Enquirer: 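Let me give you the structure first, and then I'll get to my questions.
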Amino acid sequence: MGNTPVAAPPDEIMQPADTVGWRSGLAVLWRVIQLSLRTPWQAAAAILATLIASGMQLLIPLLLGQAVDQTQALLTDADAARAALLKSALLVLLVSVLRGAFTTAQNYYSEAVGHHVGYELRLSVYRKIQALSFGFHDRVHSGELITLGMLDLEGVRMFFSTGLVRVVLLGMLLGIGATILLSTDVVLGLLALSFVPFVAWRSSVSQLRLRKTWLDLQERLSVLSRVMEENLAGIRVVRAFAAQAYEMGKYRKASANALELAHERVQIRVTNTAAMTFSFLAAMGLVLWVGAGKVATGEITVGTLASFLTFMTILQMPVRQLGMLVNSFARTATCGARLFALLDLELAIKDAPDARPLRITEGTLRFENVDFAYPGARDKRRLSQVSFTARRGETIGIMGAPGSGKSTLAHLIPRFHDVTGGRITIDGQDVRDVTLHSLRKAVSVVQQDVFLFTTTLENNIAYGDPWAQTARIARAGQAAQMHQFIDSLPEGYDTVVGERGSSLSGGQRQRMSIARTLLLDPAVLVFDDSTAAIDARTEDAILAEIRTRAADRVTLIIAHRLNSLRHADRILFLEDGAIVEQGTHAELMAMNGRYRALHDLQNRPAGPRPDRQEAR
Amino acid sequence: MAEELEFERNDIRDDGRRPPRAVVGSHSVEEAMFGRLFDRSVAARIWDFVRPYRRSVVISVAAVLVFSATQLLIPLIIRYAIDNGLEATPDSRLALQLAMLAFALVILVNYGASYLQESVVGRAAENVLFDIRTAMFSHLQHVSLSFMDKTEVGRLMSRLQGDVNSMQEFLETSVLSVGDLVLLVGIVVLMLWLDWQLGLLTLSVLPVLAIVRSIWLPHARAAFVASHTANSVTNGALAEAIHGVRTVQGLDRQEVNFNLYTDKAHTNLRAHLRASRLAQVMVPLVDTLTGIAMAVVVVVGGARVLGNDLDLGLMVAFLFYIQRFFDPIRSLTIQYSVMQRAMASGQRLIDVLDVPVTVKDAPDAVQLSADADGSVEFRNVTFGYNPDQPVLRDVNFRVEPGQTVALVGPTGSGKSSAMALVHRFYDVQAGSVVVSGHDVRQVTQVSLGRQVAMVLQEPFLFTGTVLENIRYNTADASRADVEAAARAVGAHDFIMALPDGYETLLGERGGSFSLGQRQLISFARALVADARILVLDEATASIDSHTEMLIQKALTKLLEGRTGLVIAHRLATIRDCDKIIVLQEGRVVEQGRHEELIAAGGLYARLSAVGGASFDDISLEE
């Protein structure tokens, strides 16, 4: 324990997965298949139904061919022929009904398997994203995670129905179909199947090209979207600089760029569709020509010819869809690789194997020679050798220039990040040795950036303790000086805020953030520059409320307005990650150092026209 | 739908892990997904966009007709071959060769028509789609700002993207559906023509299909909409978890949220399973009906071949037609939904295109000349976003050229509105705003924009390089001008410290910069624009003392030699102004210099007493 260096923690860095190798691609597909087998009965039902449905489909041409031949048998015995026709007709009907029933089962069960896979993956992604550390979320852009959780997940989910089941279907139709055709007549069979390799090849190539151009197109469209979105979000800037023409220029460039590729894609698609249809019809013509000759010489019956032609129409669709199949495999491999890269990340911040709940006794927070550096930048320490002790009832102020490590310090206590050297203890227990749950119940940080959820004000205040009674919520609202404002709203505490709701000012948002923290009863309470947008008088009232609660806990206040720290028992002054001055206000003033300089700067005389040149 | 989801939430028993009041994700109000099948006014407006490409439309419709005709011909050729070409006689051989020649001809034409039809319609659809989007985007550049203020960017984006895309889907498939329709009618007509009795008998399965479909469709559609809604609700909850992850972890809500999310994901699963089930209902029906039709042809047709009323080729042709018969019906069914969706989307697109442009250049608008004096005057200005609720009442003041004036007042006093009027973001209801001696309504907006530069409270940077951001639309500004501006506002040093200096690409709208740095860049941008009048909304968010000092200096530099109108929040800024105008509830209550106003002991004196370093967020009612 103590300063003993531990093995480097997992850094939660995702490997890029834009191109997937052959082997890893197969590994991903295998994993998706395993996921699909979590619902073994439905997966089995889907496969079985596919087998039967494709079998029924193959029977229809045979039955029709047989019926055609039966009409030719009239000369011998018309009644027998009629009876045979009736039997064939009933068989056609029966087979059609069965085909319909099993196709339905095939479609439904294969989609159901996909939906279940999607459900499982959604939950895993959600759980993972919630658990990944601040470090991860600082690095990975939220848009990327949203894409991962929506589009990539969708790509993986669809694999069973659009990939696997179709392979079975195509295999059945081609395998058994080809066997029947070739065993009936080799030459005619080869002709009937002659379009298959060509169409399979064209369709796969074009789908892969379409996929590639699709990804490029998405890229270009996202540029276009960005241009539009920035323009709309910054419409005031655009208008303020009368820059509409300039912006339209930007837009047209991005738009033309995307349109060009869209046209290219149309071309790829059309060229291949037309060629595939042509090759199919040409093969059909050959079968008709050669087949008619064979009928004439008596080698085959008319019924056989008819059943060959019908076979071809049945084979056409699945063969054309081979390209989609290839696409589905490629898509699943890349989407799955990205998704599993996220799910397989080892958490950087998690409970130690033998973690126990934090036990609060004295309520003492201690920093012991704490070092911190962001992963990947280990040479550049954000905090070095920070040590201090804060006892229950004490209020500690923390000051320093931006980038001096104030917020970092606050984030280390509830383990938003882990220290890279030294340790932080609460009543002697290293924060890394206790359960995260108990630690974060004991430590509350009012964060600098306020995030409000799109729900009522009441729900927002009760976010940390959704079981809280209404009266307690109102008390927290009062303490944060929000109650009067909320009461004046037509819907009071039921007013919905957030992205869509009525918007709050920056100061009100900060007060909401303070309210939801004051609802809780933590042993360590940290305010991370959380009153910056609040006016001085309101801030004073909030600080007074905080003081009434200070006796039961350690309170840390990070601020750069001295006014916010007037009542601190002690003030730590940080510079480049180290504590350079500490003491009471009077002691620090007496030191005549950095604190004093800042104090003088903020309390410039309010005389008329101070000399601006001096202010640097 | 939202109620249904809510209901499902409520019947989860209280296991103590799902607190009664907690929610994840917001309830989003979905826009109508399906419109009327055909809306004349929508169609007419969309046609305006198609009109430039009407040649393409004519060509592709013609190609579609040819394409469908060739498809109809193939079974007939097969019939001819079977009836006439199966004997070992020379006549028969000739007939077969004739049939093969016809077949070859038909599939060549088919190839050409298919190619022509799809490429022409595909290109035209893409063009129309991009034209619609351009028209909308261009329109949004000019619509009134009060519309933009009320409308979320996300909502507009979903129109510019989602709705435009469903329009494209419609345009691409609409020509194809002409082909499907021709195919369907062609098959019916041919079957009746070949043998009306057998044809009628076979076609008798159609009404059954129509009846079952009409019962099925509303259910299937409801299930589809429900699954769509459930999906977006679940995705919304995921997005919230991603954006709010720091708060969630800070307040230790992971467990509760996971349970709530599980409920949502489960509702989503059930909605999708139901939609899948309903989507499959038609499959066995269509297969059964096909089976019945084929059985009819086999029994009735076969018996008549026996009696020689009917030739064998005809029976084979019938079997071919029956197998193709349901394809056009299936795709027309899909097309039906696509069309309804397109009508709903089209309505939304038109809504955007029809947002009125309230602020327009007057027909006789003059250019505001570059050497105009740069004074600003408000004469009896009354203005409200809603004319019944004025936010400015009878406001009068004048800013002399070169003067700097501070607008001060509590939140909601009308400062920002006054500032917006100088740039004619809105038009006044009474009185007039006069810039350099001209009523802003009498000059062109572009020339006004060159005279008046604005710095907004929230600095807004665009994706691109630092250089592009500072230069923005001042096209003739050289790199040296940009650097000079950056130096003047004290941004040069930190820009040069960036990896690529001025060429550094800003990710995420400059998200990696501090607020203070972004502020300085937006100052530099205004400096490069070099306008006579500068309107500035000072940032309220507190910035550290060092940066604040830099900004104060930059501000002084920026206002040098210009007329300045500043919404000031900081005492330090206000004190330095030539005049202070104090607004309260839309009226000018005091004006004068700092010392004069302090001495007067009015609202300003009270504000500066409680405000400390900042004037923002002061509530006077207490």
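Letters A, B, ... are given to chains in the order of the sequence lines, protein chains preceding strands, and every chain is numbered from 1. These numbers come from a predicted model, not from an experiment.
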Enquirer: Can you tell if the side chain of L224(A) reaches within under 4.5 Å of the side chain of F137(B), non-hydrogen atoms only?
Expert: no

Enquirer: Is chain B contacted by the side chain of Q447(A), its backbone, both, or neither, given a heavy-atom distance below 4.5 Å?
Expert: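 Side chain of Q447(A) only, per the 4.5 Å heavy-atom cut-off to chain B.
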
Enquirer: Taking every non-hydrogen pair under 4.5 Å, which of M454(B), Q280(B), H142(B), R324(B) racks up the most with chain A?
Expert: Q280(B)

Enquirer: Determine the option with the most heavy-atom pairs under 4.5 angstrom with chain A, choosing from R450(B), E87(B), M294(B), R525(B).
Expert: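 Of R450(B), E87(B), M294(B), R525(B), R525(B) has the most heavy-atom pairs under 4.5 Å with chain A.
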
Enquirer: With a 3.5 Å cut-off and no angle check, do the side chains of N473(B) and E247(A) form a donor-acceptor pair?
Expert: no

Enquirer: Do Y115(B) and T277(A) have side chains that approach each other closer than 4.5 Å (heavy atoms only, starting at C-beta)?
Expert: no

Enquirer: Using heavy-atom distances under 4.5 Å, tell me whether I74(B) contacts chain A through its side chain, its backbone, both, or neither.
Expert: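 Just its side chain gets close to chain A.
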
Enquirer: Would R236(A) pass as a cation-pi partner of F460(B), given that its NZ or CZ must be under 6.0 Å from the six-membered ring centre and within 45 degrees of the axis?
Expert: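 The answer is no, since R236(A) fails at least one limit relative to F460(B).
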
Enquirer: Quick one: which of A99(B), G244(B), G449(B) has the most heavy-atom pairs under 4.5 Å with chain A, could you say?
Expert: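 Heavy-atom pair counts peak at G244(B).
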
Enquirer: Between T134(B) and Y251(A), do the side chains contain an N or O donor and an N or O acceptor separated by less than 3.5 Å?
Expert: yes

Enquirer: Counting only heavy atoms closer than 4.5 Å, note whether L132(A) contacts chain B via side chain, backbone, both or neither.
Expert: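 Just the backbone, heavy atoms under 4.5 Å.
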
Enquirer: When only pairs under 4.5 Å are counted, which of E126(B), R123(B), R246(B) shares the most heavy-atom pairs with chain A?
Expert: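 When all of E126(B), R123(B), R246(B) are compared, R246(B) has the most.
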
Enquirer: V302(A) versus chain B, heavy atoms under 4.5 Å apart: side chain, backbone, both or neither?
Expert: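 Interface part for V302(A): side chain.
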
Enquirer: Is there side-chain contact between L64(A) and Q323(B), with at least one heavy-atom pair below 4.5 Å?
Expert: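 Yes, close enough: below the 4.5 Å cut-off.
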
Enquirer: Go through the atoms of R252(A) and report whether side chain, backbone, both or neither lie under 4.5 Å from a heavy atom of chain B.
Expert: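 The answer is the side chain of R252(A).
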
Enquirer: Within the structure provided, determine whether L319(B) and T310(A) are in side-chain contact (heavy-atom separation under 4.5 Å).
Expert: no

Enquirer: Y472(B) side chain to F241(A) main-chain N or O, any donor-acceptor pair under 3.5 Å?
Expert: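 No: the side chain of Y472(B) does not pair with the backbone of F241(A).
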
Enquirer: Do L232(A) and L160(B) touch side chain to side chain, with heavy atoms closer than 4.5 Å?
Expert: yes

Enquirer: Between H243(B) and chain A, which part of the residue has a heavy atom less than 4.5 Å away: side chain, backbone, both or neither?
Expert: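 Both parts, heavy atoms under 4.5 Å.
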
Enquirer: Decide yes or no for R133(B) and M228(A): does some side-chain heavy atom of the first lie under 4.5 Å from some side-chain heavy atom of the second?
Expert: yes

Enquirer: Using non-hydrogen atoms only, which part of A101(A) is less than 4.5 Å away from chain B: side chain, backbone, both, or neither?
Expert: backbone

Enquirer: Could you check whether the rings of Y261(B) and Y126(A) sit parallel, tilted or perpendicular, using 30° and 60° as the cut-offs?
Expert: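 Correct class here is parallel.
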
Enquirer: Main chain of L269(B), side chain of H115(A): is a donor-acceptor contact present, judged purely on distance under 3.5 Å?
Expert: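 Checking the backbone N and O of L269(B) against the side chain of H115(A), no donor-acceptor pair under 3.5 Å is found.
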
Enquirer: If you count heavy-atom pairs under 4.5 Å between each of L251(B), V299(B), V535(B), L285(B) and chain A, which one has the most?
Expert: L251(B)

Enquirer: Is there side-chain contact between W289(A) and L96(B), with heavy atoms separated by less than 4.5 Å?
Expert: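 A side-chain contact under 4.5 Å exists here.
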
Enquirer: In terms of heavy-atom pairs under 4.5 Å with chain A, which of S138(B), A453(B), A279(B), A529(B) leads?
Expert: S138(B)

Enquirer: Under the criterion side-chain contact (heavy atoms from CB on, under 4.5 Å), which of L238(B), N235(B), T262(B) is the partner of R122(A)?
Expert: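 By the side-chain contact (heavy atoms from CB on, under 4.5 Å) criterion, R122(A) pairs with just one of L238(B), N235(B), T262(B): N235(B).
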
Enquirer: Counting only heavy atoms not in R239(A), do more than 12 fall under 6.0 Å of its CZ?
Expert: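 Yes, enclosed.
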
Enquirer: Can you tell me which of I60(A), L221(A), N231(A) forms the most heavy-atom pairs within a distance under 4.5 Å of chain B?
Expert: N231(A)

Enquirer: Decide yes or no for L123(A) and F258(B): does some side-chain heavy atom of the first lie under 4.5 Å from some side-chain heavy atom of the second?
Expert: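 The answer is yes; the side chains approach within 4.5 Å.
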
